[in-house]
There are 2 protein chains.
Amino acid sequence: MFASLPASTIIYSPGRHKADQEAMPLSSSGTCIAKSASPIDNGYLRGRLDGVGSSVEVAKGQEIVGQGDRADSCFEVIHGCVRTLQRLEDGRSQVSEFLLPGDIFGLDASGEHEFAAEAVTAATIRRVRLCTIDLLTREDAAFEQDLRHHLCYQIKAARRRLVALGRMTAAEKIAGFLLEMSGRLDASEQGAVKLPMCRGDIADYLGLTIETVSRCMTDLKRRNVISLHGSLIAILDRRLLATKETLH
Amino acid sequence: MFASLPASTIIYSPGRHKADQEAMPLSSSGTCIAKSASPIDNGYLRGRLDGVGSSVEVAKGQEIVGQGDRADSCFEVIHGCVRTLQRLEDGRSQVSEFLLPGDIFGLDASGEHEFAAEAVTAATIRRVRLCTIDLLTREDAAFEQDLRHHLCYQIKAARRRLVALGRMTAAEKIAGFLLEMSGRLDASEQGAVKLPMCRGDIADYLGLTIETVSRCMTDLKRRNVISLHGSLIAILDRRLLATKETLH
DNA sequence: CGTCGCCTTGATTACACTCAAGCGGAGTGG
DNA sequence: CCACTCCGCTTGAGTGTAATCAAGGCGACG
């Protein structure tokens, strides 16, 4: 029924950051819209907002933007962790993304925010007005380019998450999440990272329940794939996590 | 994408303590990045590519871009229906979006396509090189603006789908899908629309199985919420679909 | 008329959810 | 200092939704 699927197009890459790095073409000739040589994904705008806007401190759990708020600013996380999420009236909620220092959110806004942003931990964020962004794009072609790359990356990231939410099992979701976070968070000297978000946030990020998140993690611990002490997690066997032999 | 669904579903903004205590006048003078008065979502680029690029005919099922293909072009659907999807090595697949005439895809590409694009039906598509797009953005500030709005809309659409995939039941997914499609497709004189995609595609779009899609639709038919004859579908009780009292 | 593709329907299974209880650390107050 | 609650996490038992397995219907097409 479908056109043949080339063998070279094989797929699932839980190590999404790594996969993207490899995906970046090295030739820079006709790249056009495509950014040719960025070693860091999602880093298109890193540092581009330094010195712009105003810094704000938010307490743990505090709302930064609410669902339905008018979108007139974007934000860069300076310190701490932020989640963007949508809440349904019956209590269900879906976390769209976790934002860590250097990450920017709210650039995609037009009109009003459909998703709220809340501080996962106490956080420092930089607030930049969208008109400032607009100004920058007009004055600086390179910035405009980088902004567009940033938006493209957001789309790709969201689509990767569609696959995870639509077609992955609980164990696969957890494995992918841990790999993602271990790549984004700074590891301590023991190679462990401290997850800033609670189990409930992880559940809402992956479309699972708290209990399932807990059970999957405990299971990985029992198999010595990870070590686990509360929110402190170290990946002991990265290959096993990535290849999904973690499923019994 | 499920924009029509959450009329009552948008919901709940807990604390109103925003981070922006200080100043930041909400003067509407600076709409900036936010497009304030577009009646049509996803229409930011409609017609903008007329006369650009080259037209291509593709047969039903034919691959337009493959996973891993170098991204050097974007496409506008002129006629027919196209799906973008990711296939996993074990046969699972996730459809990211269905594209109908006027819709554009591939603009988000940078480096290589993570998602394939395939013709759902026989289709005519316009192929535009990304360097042409790049050129247009440099020459035409309005185009650049519209392109950015388009990308922002893609992000929002993808996030809406995250909620659907992560937190909706099968019945809710189907209901939202039917509402979305009835809004995007041209209705015949009887108010019925012909879904261009098969049950399997719908299943892969919603993260369900073919059987579940079929059962849910049959159920809606039995309740006289929709009429259903193969791929010809009419919504008989839109309110019931939207309020999700369709769940027994 | 037979095959094929797509869809529907039924029976059964299993994965993740729900409900419920208990653990342990942090913080509070007597 | 200890008892207490609160909160987040874990664990267990049972349930339910959607998946799986399987069969059959129907229309298109050769």
Side-chain angles (χ1 to χ4, degrees), chain A residues 1-3 60-61 81 83 88 90-94 120-122 164-175 177-178 194-223 226-233 244 246-248, chain B residues 59-61 88 90-94 120-122 164-175 177-178 194-223 226-233 244 246-248:
Chain A
M1 162 187 181
F2 299 122
K60 177 176 180 173
C81 178
R83 63 178 172 250
L88 276 59
D90 56 11
R92 290 178 289 183
S93 61
Q94 175 67 47
V120 171
T121 64
L165 289 180
R167 288 302 185 207
M168 298 284 176
T169 64
E172 289 171 313
K173 288 175 178 177
I174 293 291
F177 172 77
L178 293 177
K194 184 182 180 315
L195 297 179
M197 69 293 289
C198 67
R199 299 291 188 270
D201 284 333
I202 299 172
D204 283 341
Y205 182 69
L206 299 175
L208 299 171
T209 58
I210 292 180
E211 294 93 331
T212 299
V213 170
S214 182
R215 269 186 259 269
C216 285
M217 286 192 170
T218 303
D219 195 54
L220 289 173
K221 178 186 181 182
R222 195 177 303 120
R223 297 160 183 277
I226 63 171
S227 77
L228 173 66
H229 300 95
S231 60
L232 207 63
I233 290 191
K244 296 175 296 173
T246 54
L247 315 169
H248 45 218
Chain B
K60 176 174 179 174
L88 277 60
D90 56 10
R92 291 179 289 183
S93 62
Q94 175 68 46
V120 171
T121 64
L165 288 179
R167 287 304 184 207
M168 298 285 179
T169 64
E172 289 171 314
K173 288 175 179 178
I174 293 291
F177 172 76
L178 293 177
K194 182 178 183 320
L195 297 180
M197 69 292 289
C198 68
R199 300 290 188 270
D201 286 333
I202 299 173
D204 284 340
Y205 182 68
L206 298 175
L208 299 171
T209 58
I210 291 180
E211 294 94 330
T212 299
V213 170
S214 181
R215 270 187 258 268
C216 284
M217 286 192 170
T218 303
D219 195 54
L220 289 173
K221 178 186 181 181
R222 195 178 303 119
R223 297 159 183 279
I226 63 171
S227 76
L228 173 66
H229 300 94
S231 60
L232 206 63
I233 290 192
K244 294 175 296 175
T246 53
L247 316 169
H248 42 216

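Keep in mind the model is a prediction, meaning the values are calculated, not measured. Below, chain A is the first sequence line, B the second, and so on; all start at residue 1.
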Query raised in the report: Between A/L208 (CG) and D/dT17 (P), how many Å, whole number?
Result: 18 Å
Report task. Answer yes or no: is there a side-chain heavy-atom contact under 4.5 Å between B/L220 and B/L178? Result -> yes
**Report entry** For B/K194, all residues meeting side-chain hydrogen bond (donor to acceptor under 3.5 Å, both in side chains), sequence neighbours excluded
**Finding:** B/S231
Report summary line: side-chain hydrogen bond (donor to acceptor under 3.5 Å, both in side chains) filter on A/R215, not counting sequence neighbours, yields none
Report summary line: In terms of heavy-atom contacts, B/D201 and B/V120 come closest through OD2-CG1, 4.0 Å
Provide a list of protein-nucleic acid N or O atom pairs under 3.5 angstrom, restricted to nucleotides 24-30 of chain D.
none

Query - Rounded distance in Å - CZ (B/R167) to C1' (C/dT18) - result: 13 Å
Report task. Output yes when at least one side-chain N/O atom of A/T209 is less than 4.0 Å from OP1 or OP2 of C/dC17, else no. Result -> yes
**Report entry** Value in whole Å for how far the C1' atom of C/dT18 lies from CZ of A/R92
**Finding:** 15 Å
All N/O pairs under 3.5 Å across the protein-nucleotides 6-13 of chain D interface:
unit_1, atom_1, unit_2, atom_2, d
D/dC9, OP1, A/R199, N, 3.4
D/dC9, OP2, A/R199, N, 2.9
D/dT10, OP1, A/R199, NH2, 3.2
D/dT10, OP2, A/R199, NE, 2.9
D/dT10, OP2, A/S214, OG, 2.7
D/dT10, O5', A/S214, OG, 3.0
D/dT11, OP2, A/T218, OG1, 2.9
D/dG12, N7, A/R215, NH1, 2.8
D/dG12, O6, A/R215, NH2, 3.2

Query raised in the report: Is there side-chain contact between B/T212 and B/K173, with heavy atoms separated by less than 4.5 Å?
Result: no
Report task. Whole angstrom is fine here: how far is it from CG in B/L232 over to P in C/dC7? Result -> 13 Å
Query raised in the report: Hey, what do you get for CD1 (B/I226) to NZ (B/K221), rounding to the nearest 0.5 Å?
Result: 8.5 Å
Report task. Please confirm whether the backbone N or O of A/Q94 pairs with a side-chain atom of B/R167, one donor and one acceptor, at under 3.5 Å? Result -> no
Query raised in the report: Counting a pair only when it is Watson-Crick or G-U and both distances are under 3.5 Å, which runs of at least 3 such pairs involve DNA chain C?
Result: C:1-30 with D:1-30
Report summary line: Tested for side-chain contact (heavy atoms from CB on, under 4.5 Å) against A/C216, the lone hit among A/I202, A/I174, A/L208, A/L206 is A/I174
Query raised in the report: Can you check the B/M168 CE to D/dT17 P distance for me, whole Å?
Result: 17 Å
Query - From A/D90 atom CG to A/L88 atom CG, the distance as rounded to the nearest 0.5 Å - result: 5.5 Å
Report summary line: Atom CD1 of B/I174 and atom P of D/dT17 are separated, to the nearest Å, by 16 Å
Report summary line: Whole-Å distance, B/L195 CG to C/dC7 C1', equals 13 Å
Query - Rounded distance in Å - CD1 (B/I233) to C1' (C/dC7) - result: 12 Å
Query raised in the report: To the nearest 0.5 Å, what is the distance between CZ (B/R199) and CE (B/M217)?
Result: 5.0 Å
Query - Residues which pass side-chain hydrogen bond (donor to acceptor under 3.5 Å, both in side chains) with A/S214, listed by chain and number, not counting sequence neighbours - result: none
